[in-house]
Amino acid sequence: MSHPIIIIGSGLAAYNLAREFRKSDQTTPLTIITEDAADFYSKPMLSNALAGKKTPASLIIKSASKMAEELSAAILPFTEVVGIDTVNQQVLLIDGQALVYRDLILALGADPVYLPLGGNAGDDVLSVNNLQDYTEFAAKLPELKTVGILGAGLIGCEFANDLLALGIKPIVFDPAGWPLSRLLPEAAGRYLAEQLTSAGAEFHFGFSAKNYDHMEGRYLLGLNDGSIIEVGMLFSAVGLRPRTHLATSAGIKVNRGIVVDQTLQTSQPHIYALGDCAEVMGLNLPFVMPIMHCARALAATLAGTPTPVKYPAMPVVVKTPACPTVVAPPAIGAQGEWQVSEIEGGIDARFVDAQGQLLGFALLGAASKEKQALTGQLPPVLS
């Protein structure tokens with residue numbers, strides 16, 4: 001029997017890769033190693049679970065044992081990988097075991113970024129990056145009237161909208177001038193802010209957090225202008241950092257993420273990476289659609305048919321029901337300009353080059369129904 005393919009991680013990237021691989025190869029041994037319980041759930045569902053009245057248990061789609069049976073895989077939950085021996089093709093576990101691999105896949109995910117805050121309550125700042133985080137977060141909500149959110153990006157806006165379903169007021173802070181500032185032109189961002197504000201959210205743009213204190217049973221957030229705002233809890237949504245330490249310690253090339261070529265191979269033979277931890281041809285795209293394309297391509301490669309991943313246009317649907325939003329940002333460095341039109345009940349923003357070619361769009365409110373028609377006009381992200 002050949003040595004197994006080993007996947008480190010148990011998120012969408014890991015499990016979708018395993019499923020795609022098993023469609024072509026039912027016999028090669030497969031081992032999945034993860035530090036958590038290895039239950040299968042959809043991480044993107046965590047940011048709109050409150051409105052759906054989802055409990056942590058109900059978010060689990062399949063248990064680890066069910067996944068092991070379905071994939072004919074050995075799944076090692078609550079297991080920490082401490083090193084990779086690239087010469088002998090071994091994964092080194094914290095208990096001293098060394099597992100030999102035929103091919104190794106790093107599906108390590110990413111970690112939340114936390115701002116360095118002064119004050120005595122820094123350790124009380126929460127984020128939601130996995131099911132355990134969500135469990136802790138949701139348990140605190142019934143007694144709260146407000147939640148402070150650091151960051152008005154994708155996750156910050158989605159959680160803000162979700163909190164409204166519980167009657168909790170989200171108070172969102174961001175040094176930028178409007179929400180989703182890296183994805184939306186200003187007019188579209190301000191429209192999104194207006195719609196979420198009308199639904200009950202509160203935004204503070206142009207401000208950054210400096211201190212977080214717990215005093216006499218109250219949480220106080222100090223801003224850079226000297227003002228102090230009371231919040232029931234503070235939630236961090238300022239970004240994610242790809243998990244690269246394992247790759248770095250093994251001598252694998254790392255930039256923002258683990259650097260891979262178009263077949264998702266790292267700088268070391270027989271080692272691949274995908275998902276939030278990977279940087280594919282310079283692109284680190286922590287979204288569902290890129291993960292699915294990577295999983296299908298890498299599964300084919302592992303099954304014996306080398307297949308480069310290709311990204312078509314992949315609009316991102318922002319889960320903000322108070323203002324339906326779909327965005328396909330132009331490529332970094334793309335030459336062109338935003339053309340923004342206000343329509344009844346929405347914003348239609350299109351990024352076009354000098355020749356009039358559509359390179360990106362942002363559709364809000366009623367304009368979001370144009371998603372399918374405009375997506376077909378966009379160039380591929382990676383061909």
Side-chain angles (χ1 to χ4, degrees), residues 12-13 16-17 20 42-44 47-48 110 153-155 157-158 179-189 191-192 240 242 256-257 260-264 273-301 307-321 323-341 343 346-383:
L12 283 178
N16 277 292
L17 170 62
E20 292 294 329
S42 175
K43 180 179 170 182
S47 62
N48 67 343
L154 192 74
I155 299 301
C157 287
E158 290 186 348
L180 300 180
S181 60
R182 295 182 181 181
L183 299 175
L184 300 179
E186 181 174 356
Y191 181 84
L192 174 60
L240 294 171
R256 170 170 169 74
V260 298
D261 64 16
Q262 211 161 339
T263 65
L264 305 182
L274 80 164
D276 293 3
C277 69
E279 184 176 312
V280 185
M281 303 297 288
L283 299 171
N284 175 240
L285 301 174
F287 306 112
V288 173
M289 287 307 297
I291 288 174
M292 301 303 290
H293 285 285
C294 285
R296 285 190 285 268
L298 183 52
T301 296
T307 302
V309 66
K310 296 182 180 180
Y311 290 153
M314 300 176 292
V316 177
V317 177
V318 186
K319 298 189 291 293
T320 48
C323 180
T325 300
V326 182
V327 57
I332 295 173
Q335 298 298 307
E337 64 177 6
W338 282 103
Q339 297 178 351
V340 181
S341 301
I343 67 169
I347 292 284
D348 183 322
R350 308 184 187 196
F351 189 91
V352 299
D353 65 14
Q355 289 72 46
Q357 169 67 43
L358 184 70
L359 300 181
F361 62 73
L363 306 172
L364 288 77
S368 61
K369 67 180 185 294
E370 297 296 321
K371 170 195 169 188
Q372 188 170 352
L374 293 185
T375 299
Q377 301 176 36
L378 293 174
V381 176
L382 179 63
S383 57

Any donor-acceptor pair under 3.5 Å from E20 side chain to A295 backbone
no
Expected output: side-chain N284 to main-chain D276 donor-acceptor under 3.5 Å
yes
Determine whether V381 and L283 satisfy the following criterion, side-chain contact (heavy atoms from CB on, under 4.5 Å), listing intermediate values before the conclusion.
CA-CA 9 Å; V381 176; L283 299 171; 3.8 Å; yes
Rounded to the nearest 0.5 Å, how far does CG of N16 lie from CZ of R296?
8.5 Å
Answer yes or no: is there a side-chain heavy-atom contact under 4.5 Å between P312 and H293?
yes
Of all the heavy-atom pairs spanning L359 and Q335, show the shortest one and how long it is.
CD1-O, 3.8 Å
Say you draw a straight line from CG of L264 to CG of L274; how long is it, rounded to the nearest 0.5 Å?
6.5 Å
Report the distance from atom OG1 of T325 to atom CD1 of I347, rounding to the nearest 0.5 Å.
10.5 Å
Between V309 and V280, is there a side-chain heavy-atom distance shorter than 4.5 Å?
yes
Closest heavy-atom pair and its distance - Y311, C294:
OH-SG, 3.1 Å
Cationic N near anionic O, under 4.0 Å, R256 to E279
no
All heavy atoms of I291 vs all of G275, minimum pair found to be CG1-CA, 4.0 Å
For a 4.5 angstrom cut-off between non-hydrogen side-chain atoms, does P315 reach L374?
no
Backbone N or O of E370 within a donor-acceptor pair of the Q372 side chain at under 3.5 Å?
no
Closest heavy-atom pair, A362 versus W338, reported as atoms and distance to 0.1 Å, is N-CZ3, 3.8 Å
Can you list the steps and then say if D348 with F361 is a side-chain contact (heavy atoms from CB on, under 4.5 Å)?
CA-CA 8 Å; D348 183 322; F361 62 73; 6.0 Å; no
Does the side chain of P329 reach to within under 4.5 Å of the side chain of R182, using non-hydrogen atoms?
no
Has the side chain of Q262 got a donor or acceptor atom that lies under 3.5 Å from a matching backbone atom of S383?
yes
CD of Q339 to CZ of R350, rounded to nearest 0.5 Å, is 9.0 Å
Exercise: identify the closest heavy-atom pair between G257 and P242:
CA-CB, 4.0 Å
Polar side-chain atom of K371 near backbone of S368 as donor-acceptor pair, under 3.5 Å
no
Rounding to 0.5 Å, atoms CG (L363) and CG (L184) come to a distance of 10.0 Å
Mind checking the OG1-CG spacing from T320 to L180? Nearest 0.5 Å is all I need.
7.5 Å
Check whether any side-chain N or O of E337 sits under 3.5 Å from a backbone N or O of A354 as a donor-acceptor pair, and report yes or no.
no
Could you report the tightest heavy-atom contact between P185 and V340, atom names first, then the distance?
CG-CG2, 4.2 Å
Under a 3.5 Å distance rule, please check whether D353 uses its side chain to pair with a backbone N or O of L358 as donor and acceptor.
no
Within a strict 4.5 Å, meaning less than it, do heavy atoms of the E158 and P44 side chains meet?
no
